[in-house]
Amino acid sequence: MFENHLTMEDLGADKWPNVILWAAPAMFLLVFIEWGISLYQKKDTYDKKDFMAATTIGLVNVGISALLKVFIFGIALFCWNIVPWKIPATWWSFILCFFAIDFFRYWAHRVAHEQRFWWATHITHHNSSKYNFSVSFRLGWTQHIKIIFFVPVMLMGFHPFVFFICHQIAVLYQFWIHTEYIKKLPRPIEYFFTTPSHHRVHHASDAHYLDKNYGSTFIIWDRIFGTFMPEGERPNYGITKPVTSYNPVYLNFHEWADIVRDLKKAKNAKEAYQILFGKPGDEVIKNRELREKAMQEERKRNKAVATAPTPILVSNENSLLKKED
């Protein structure tokens, strides 16, 4: 049992296990096994430049996570200390915490696809046209601001250590679902858990597959909230506006740059809000400029009609309407 009020020194967070780092050697081994199988089968599952970009993005992200570790722990500790209720750190509290985290991961993930500001933190994970284990490394460098979505879980009274371990396991789970080599699993698993089949749909750029299967570990949230879609034909992976660069910096910030560019053209606060929190594909500025262009052309046509000379019939000319004798 943990004490009710803790300080950073009490936590001893520097000694807590980093599950993801421990799993890293196995993850890279599986990446190279999958790559080797794809070469043997003469499939284009991997691309060297794409792999290097994914690996670089992943390694930098690990460094950012390390730098933000104390800050995130501070938030968890603050929440733990202010709530009057405490959930004891027992085996069942880990299960409860994991389900709570996964529920909020579903909504954080969904919002990241439905609002452009949050999409900018997540697009890095989707802008590869490949689908393999290494894609799981592509986590945006700005995605850490989504910690705000998990404050409600912290306020439930879970011990920071319980939250920390469950959060790491939830992230680690994402690795194995990024593959085309695992097809359909037994029905009970496919019904309850997020599987590679479900997640392939989520990574598709095909119109009928868009905005589906947000579930992190459990697919039941998609079934409950109406965003589930089973896998049919093989998806085309990537984003609707493909990127051709393998530059990790560009892959992380190209959407942010586009947002800033659009904000500079915003005419008012309402338009700026639409740019930030509208759907990623709304193209607020482009559509407004198209409307303005269409209105200008319409005004020009109307002006041309209004100023056009009216034909005058001269008295000594034979009327075209008069019948010949």
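Bear in mind that the values here come from a model prediction, so they are computed numbers and not experimental data.
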Heavy-atom closest pair (F175 atom, L30 atom, distance to 0.1 Å) is CE2-CD1, 3.7 Å
In this structure, CD1 of I165 is separated from NE2 of H159 (nearest 0.5 Å) by 11.5 Å
Please answer whether the main-chain N or O of W80 pairs with a side-chain N or O of K86 as donor and acceptor at a distance below 3.5 Å. yes
Check your understanding: Aromatic ring centroids of H178 and H125 under 6.0 Å?
Key -> yes
For the pair H122 and H113, name the ring-plane relationship: parallel under 30°, tilted 30 to 60°, perpendicular over 60°. perpendicular
One should read off an interatomic distance between D44 CG and S38 OG, to the nearest 0.5 angstrom, of 8.5 Å
Any W119 side-chain heavy atom under 4.5 Å of E114 side chain: no
Between the CG atom in D222 and the CD1 atom in I219, the distance rounded to the nearest 0.5 Å is 4.0 Å
Do L68 and I75 sit in one hydrophobic cluster, given that two such residues count as connected whenever their side-chain heavy atoms are within less than 4.5 Å of each other, even indirectly?
yes
The salt bridge (charged side-chain N to carboxylate O under 4.0 Å, His left out) partners of E297 (sequence neighbours excluded) come to none
dist N213:CG -> T195:OG1 (nearest 0.5 Å) comes out at 8.5 Å
Treat each ILVMFWY residue as a node, draw an edge where side-chain heavy atoms are under 4.5 Å apart, and state whether Y173 and V135 are in one component.
no
If you take the centroid of each ring, where Trp contributes its six-membered ring, are F225 and Y106 closer together than 6.0 Å? yes
Q.
Strictly distance-based, threshold 3.5 Å: is any side-chain N or O of N127 a donor or acceptor partner for the main-chain N or O of L251?
A. yes
Would you please indicate if the ring centroids of F137 and F28 are separated by under 6.0 Å?
yes
Look at the rings of F277 and F117 and say which category their plane angle falls in: under 30° parallel, 30 to 60° tilted, over 60° perpendicular. tilted
### Message
Using the ring centroid of each side chain, check whether F133 and W35 are separated by less than 6.0 Å.
### Response
no
For Y181, the ring pair (Phe, Tyr, Trp, His ring centres under 6.0 Å) test, sequence neighbours excluded, returns none
For K49, the salt bridge (charged side-chain N to carboxylate O under 4.0 Å, His left out) test, sequence neighbours excluded, returns none
R116 meets the salt bridge (charged side-chain N to carboxylate O under 4.0 Å, His left out) criterion, sequence neighbours left out, with E255, D262
Residues passing the side chain to side chain donor-acceptor pair (under 3.5 Å) test with D50, sequence neighbours excluded, are S128, R138
Measuring only between side-chain heavy atoms, which start at C-beta, is I147 closer than 4.5 Å to V151? no
Let me check something: any side-chain donor-acceptor pairs from residues 182-189 under 3.5 Å, sequence neighbours excluded? List them with distances.
unit_1, atom_1, unit_2, atom_2, d
K183, NZ, E180, O, 2.8
K184, NZ, S197, OG, 3.3

Is the number of heavy atoms from other residues, nucleotides or ligands within 6.0 Å of OH (Y191) greater than 12? no
### Query
Distance only, no hydrogens: is a donor on one side chain within 3.5 Å (strictly under) of an acceptor on the other, for S136 and Q174?
no
Between A170 and I101 the two heavy atoms that sit nearest each other are CB-CG2, 4.3 Å
With sequence neighbours left out, the residues meeting side-chain contact (heavy atoms from CB on, under 4.5 Å) with W92 are I87, P88, T90, L96
Check: Is there a path from V111 to V153 through hydrophobic residues (I, L, V, M, F, W, Y) whose side chains come within less than 4.5 Å of each other?
Finding: yes
Is D282 close to N287 at the side-chain level, that is, under 4.5 Å between some pair of heavy atoms? no
Looking only at heavy atoms, the pair that brings V83 and G157 closest together is CG2-CA, 4.2 Å
When rounded to the nearest 0.5 Å, the distance separating CE of M156 from SG of C79 is 11.5 Å
Hits for ring pair (Phe, Tyr, Trp, His ring centres under 6.0 Å) against F94, two or more places apart or cross-chain, chain-then-number order -> none
Across all chains, not counting sequence neighbours, the side-chain contact (heavy atoms from CB on, under 4.5 Å) partners of T142 are T121, F253, W256
Review point. Would you call the rings of H167 and F163 parallel, tilted or perpendicular if under 30° counts as parallel and over 60° as perpendicular?
Key: parallel
| Do F149 and F104 have ring centres separated by under 6.0 Å? | no
_Geometric cation-pi criterion, R223 with F228: 6.0 Å, 45°_ = yes
_Looking only at the aromatic ring of each residue, does the gap between the centers of H198 and H202 stay below 6.0 angstrom?_
no
**H126 side chain reached by Y237 side chain, heavy atoms, under 4.5 Å** = no
Distance-only, no hydrogens or angles: does the K270 side chain make a donor-acceptor pair with backbone N or O of K267 under 3.5 Å?
no
Across all chains, not counting sequence neighbours, the salt bridge (charged side-chain N to carboxylate O under 4.0 Å, His left out) partners of K279 are D211
(message) So that I can tick it off, tell me whether K286 and E289 are bridged by a salt bridge, with the cut-off set at under 4.0 angstrom between side-chain N and carboxylate O.
(response) no
Does some side-chain heavy atom of E271 sit less than 4.5 Å from a side-chain heavy atom of V284?
yes
Tightest non-hydrogen contact, residues A266 and I275, listed as CB-CD1, 4.0 Å
Taking every heavy atom of V162 against every heavy atom of S93, the minimum-distance pair comes out as CG1-O, 3.9 Å
side-chain contact (heavy atoms from CB on, under 4.5 Å) filter on I148, not counting sequence neighbours, yields W118
- So H254 and Y250, would you call those rings parallel, tilted or perpendicular, with 30° and 60° as cut-offs? parallel
Just checking, any donor-acceptor pair under 3.5 angstrom between side chains of N132 and S134? yes
Residues at least two apart in sequence or cross-chain that pass side chain to side chain donor-acceptor pair (under 3.5 Å) with Y209, listed by chain then number, are none
Applying a strict under-4.5 Å side-chain criterion to I, L, V, M, F, W and Y, I'd like to know whether M27 and Y46 cluster together.
yes
Quiz item: Quick one: are L21 and V62 in side-chain contact, heavy atoms under 4.5 Å?
Solution: yes
Practice item. Check whether any side-chain N or O of N252 sits under 3.5 Å from a backbone N or O of W141 as a donor-acceptor pair, and report yes or no. Key: yes
CA sep, side-chain torsions, deciding dist, call: N236, D206, side chain to side chain donor-acceptor pair (under 3.5 Å): CA-CA 6 Å; N236 293 299; D206 308 276; 2.8 Å; yes
**Flag, side chain of Q168 to backbone of V19, donor-acceptor distance under 3.5 Å** = yes
F161 reachable from F99 in the ILVMFWY side-chain graph, under 4.5 Å edges
yes
*Check whether any side-chain heavy atom of F98 lies under 4.5 Å from a side-chain heavy atom of F218, and answer yes or no.*
yes
Review point. Is the backbone N or O of A112 less than 3.5 Å from a side-chain atom of K146, with the two atoms forming a donor-acceptor pair by type?
Key: no
Heavy-atom closest pair (P196 atom, Y131 atom, distance to 0.1 Å) is O-OH, 4.2 Å
Query raised in the report: For the residue pair Y214 and W221, is the inter-centroid distance of their aromatic rings smaller than 6.0 Å?
Result: no
Between T179 and E34, is any pair of side-chain heavy atoms under 4.5 Å apart? yes
